[in-house]
Structures are given as structure tokens and as C-alpha cells.
Asker: 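Before I ask anything, here is the structure I am working with.
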Amino acid sequence: MESSREFPILDFSRYSTDFDGFSKDLFAASNEWGFFILTGHGVEGLERMRDLASQFFDLPMEEKAEKIIDRTLTGYDGKKLTTFAASEGMSFGHPAGGVLKTENLPTWWDSAKRQEVEDFKSGCYDLSIAIMSCFAVQMGRDRSYFTQFHQHKEPGNVLKLIKYPRFKERPTGVPRLSEHTDWGSITFVFTDKAGLEIRDPDDRWFDLPVVPGGVVVNIADALSLWSKKSLKSTMHRIGWNNLDVTTDRTSVVYFTHPNNGAVLTKLDKESSDEPLELTYRDYLKIRSALTYASTRDGGETGDDFEAFDETALNLVKSLRVANSGVLESHRLEVA
Ligand SMILES: O=C(O)CCC(=O)C(=O)O
Ligand SMILES: [Fe+2]
């Protein structure tokens, strides 16, 4: 679907030559669309990450599935275990340095490869901090305002290599990736293939363009709450219409998260004089309960919604897709 509005494509080299103008444009794009494409971003090592992804996903299942994704979002997110998507993923969580030490990576990821992953993550981290400094200034804060809440602490940022495999025929009733918003601060999607669809400012599905050398950036829930929704966390998905079913799609995705203790917002409570502080940790608990309540085996969280503060629960629900009824569970057996 086309949009009547122009999708924002911005050049990161303006960050050093025209900080004020650039940050204004970045903020406007994130306010209107919640998504933009950044060219000239300078993150190095993408080809190598794609190369490692391709080698890894070609390994026999026993080697890939040696370590399955855990609570630190590290490990193999395998075909048979994946919910919400017809894909397989290899995920590297932890704060900086953690990929070198974790015991939850398949042996194939030796120390040299782990170092390459760390280096790529580090380039992404620097870019994320630069982008957030633009938002901070536009929100009337100090340039380093968000940096203090994105230190190398728990839960850390996640790099995920994702392969959406080709099929002979289009599977029925299952998208490549179900519609959702992301959870943290901002996300980067590096890909050379079409397929990503987002809700445009008129709330219609829009096919994201592919810009060679550009990275797709989107705002996630936590940053949206932090900015009282002036930065938009936009729903997105990957369908079948834009990319032939017989074509593989690989993406390299970097998710940034605030530190667990970061206060995203304060909620006024009638019952108390003190506002309730909603931290990223609180948000995560609510969001994962809402999301996994709809899956067949309930996830790990259980669904003890009564334990949550009602105002906080309603706020997270107001992000629309945190409603468990919207996400559907898909468990697809790939031949
Ligand atoms: O693979 C992509 O292009 C997007 C992935 C995505 O939206 C996600 O994993 O949250
Ligand atoms: Fe996403």
C-alpha cells in the first residue's frame, strides 16, 4: 500500500554538520511515523554479520539448537520453537562484554566470532546513543539525558540475526512475522529485502522501501512512554505480499533497552499523594504477561494480572498491541 505522505529518509552525516536541523527532522519523523530510514550511519561490519548468519543458519539443527534462547535473550530461537513468526533467529543479549562470556551460545560461536558480534553491537550502541541525544534535545533535555539510562547494565541490548525461510507455497493463516510493536527504546533493522510493513500516520499498512546502505530505525514502547507518546511506537509486521514466498529474507536487528531501573513515567494515583513510578522492569513484567497470556502454553509468566497496578496495566494496554488478543501464536513446522 502507498501512503499519501512522504516516508522519512534522513542522512546521519547531518548529525555533525547540522545537529539542530537534523534532530528536529528526526523528532518530527518519529512523532509522525515512528519509523525512518537513516543513510550514512557509519555502522561497520554488516556484511560480515550477514555472512555469519548465513553460515550459521546452514548448520545442522543439532548444532544450531545446542543452546536455546534463554531469559537473557541469548541463544538459538529455533524453527520449531518460534512463536509469532515463520523464522529462525540467533540472538545475542547481555550488556556489553556479555557475549564473550555467556554459556548460552552454541559452540560454533567461538571467541573470534563472538568478538565480531561484540564489535558490531558496539557500533550499533554508539549510533543509538547519538539518535537518543537528538530526541533528548528536542524534548528540552540535556543532550546526554537518555545516555544515563542506557548504560551497560541489565537487561542490555540485543542483536538478533533472523532468517525468514523461503517456502514452496505460501503457508495459510501465518504471516512471516505477526504484527507487534517493539519493547525497548529504539530498534535498528538492517536488511536488503522488502517485506516489512508498518502502520502509516493514517493507520493504514504501508510497505517500507528498501534503501541500499540505509538502516530502518523505529521507536519502541519504552521510549514512547518516556516521551508521553510524542515519539510513536508503531505497529509493524512482515507479510507475504511484498516478497515472493520462494525467496529467503535475512535481517540483522539491534534492539536497545533502557536499564531495568529507568523510570519511564510517573502515574498519578487517586489513592495516594505520591505518583507511582513505572520503571522499565515494571513495563517488561506487564508486557510479557499480556503477550504470552495468549500463547498456547502460557509462556513463563503465568497471567496474574491482578498483581499489577491497574493504571500501569491500562497504560501498557493503551499501546494497543500489548493486548494479548491482537497477537496470535504461530507454531509452524518448517519442512
Ligand atoms: O526482520 C525484520 O525486518 C523486522 C523484525 C522485527 O520487527 C522484530 O524482530 O521485532
Ligand atoms: Fe519489531
Side-chain angles (χ1 to χ4, degrees), residues 7 30 33-38 43 46 49-50 52-54 56-57 69 73-79 81-93 120-121 124 128 155 157-166 174-199 205-212 214-224 231-245 247-257 284 287-288 290-292 319-322 326-330 332:
F7 180 77
S30 307
W33 286 80
F35 264 82
F36 54 88
I37 290 180
L38 207 55
V43 174
L46 176 63
M49 287 304 113
R50 295 180 61 84
L52 286 169
S54 144
F56 177 75
F57 291 131
I69 191 163
L73 300 182
T74 300
Y76 177 64
D77 198 358
K79 287 177 180 171
L81 296 152
T82 301
T83 44
F84 311 137
S87 67
E88 60 180 326
M90 180 61 225
S91 187
F92 302 90
F120 188 77
K121 282 185 75 173
C124 290
S128 76
N157 295 343
V158 175
L159 184 75
K160 190 164 184 183
L161 311 175
I162 310 177
K163 179 177 173 181
Y164 303 85
R166 59 177 173 267
V174 185
R176 279 191 170 98
L177 176 63
S178 296
E179 61 196 49
H180 66 283
T181 54
D182 294 346
W183 296 25
S185 301
I186 52 178
T187 304
F188 298 151
V189 179
F190 300 89
T191 186
D192 60 356
K193 291 266 171 60
L196 196 52
E197 299 168 31
I198 70 170
R199 289 304 237 184
W205 285 112
F206 170 78
D207 300 335
L208 265 202
V210 175
V211 176
V215 60
V216 175
V217 183
N218 65 282
I219 308 303
D221 288 357
L223 194 56
S224 186
L231 298 167
K232 194 166 161 187
S233 182
T234 297
M235 182 134 68
H236 51 286
R237 68 179 184 190
I238 304 179
W240 301 102
N241 292 339
N242 265 331
L243 179 70
D244 197 83
V245 69
T247 305
D248 284 333
R249 182 181 187 280
T250 302
S251 54
V252 175
V253 187
Y254 181 75
F255 301 94
T256 63
H257 301 134
L284 277 181
R287 175 75 199 240
S288 58
L290 285 169
T291 302
Y292 294 110
L319 294 161
R320 288 206 322 178
V321 287
V326 177
L327 278 174
E328 286 176 18
S329 171
H330 300 298
L332 192 66

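Quick caveat: nothing in here was measured; it's all calculated off a predicted structure. Indexing begins at 1, ligand by ligand and atom by atom, following the structure's order. All residue numbers refer to positions in the sequence shown, counting from 1.
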Asker: Please name the atom of D182, limited to N, O or S, that comes nearest to the Fe ion (ligand 2).
Answerer: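 Closest N, O or S atom of D182 to the Fe ion (ligand 2): OD1.
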Asker: Quick one: which ligand 1 atoms are inside 4.0 Å of a heavy atom on H236?
Answerer: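 Selected atoms, number and element: 7 (O).
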Asker: To which protein heavy atom is atom 6 (C) of ligand 1 closest, and what is the distance rounded to 0.1 Å?
Answerer: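 Nearest neighbour among protein heavy atoms for atom 6 (C) of ligand 1, to 0.1 Å: L177 CD2, 3.5 Å.
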Asker: Distance check, rounded to the nearest 0.5 Å: L243 atom CG versus D207 atom CG?
Answerer: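 Answer rounded to 0.5 Å: 11.0 Å.
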Asker: Go through ligand 1 atom by atom and flag the ones less than 4.0 Å from a non-hydrogen atom of D182.
Answerer: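 Those of ligand 1 that fall under 4.0 Å from D182 are 10 (O).
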Asker: For F255, give me all partners under ring pair (Phe, Tyr, Trp, His ring centres under 6.0 Å), at least two apart in sequence or on another chain.
Answerer: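 For F255 there are no ring pair (Phe, Tyr, Trp, His ring centres under 6.0 Å) partners, ignoring immediate neighbours.
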Asker: Using the side chain to side chain donor-acceptor pair (under 3.5 Å) definition, which of the options T191, T250, D192 pairs with R50?
Answerer: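 The option that passes is D192.
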Asker: Is it true that the side chains of D221 and T181 contain a donor and an acceptor less than 3.5 Å apart?
Answerer: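 On atom types as modelled, these side chains qualify, holding a pair under 3.5 Å.
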Asker: Under 4.0 Å from any heavy atom of V189, which atoms of ligand 1 are there?
Answerer: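 Matching atoms, with element in brackets: 2 (C), 3 (O).
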Asker: Can you classify the ring geometry of Y76 versus F56 as parallel (below 30°), tilted (30 to 60°) or perpendicular (above 60°)?
Answerer: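 Rings of Y76 and F56: perpendicular, as their planes differ by over 60°.
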Asker: When you measure from atom 9 (O) of ligand 1 to every protein heavy atom, which one gives the shortest distance, and what is it?
Answerer: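 Minimum-distance protein heavy atom for atom 9 (O) of ligand 1 reads F255 CZ, 3.4 Å.
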Asker: Please write down residue, atom name and distance for the protein heavy atom closest to atom 5 (C) of ligand 1.
Answerer: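 For this ligand atom, the closest protein heavy atom is Y164 OH, 3.5 Å.
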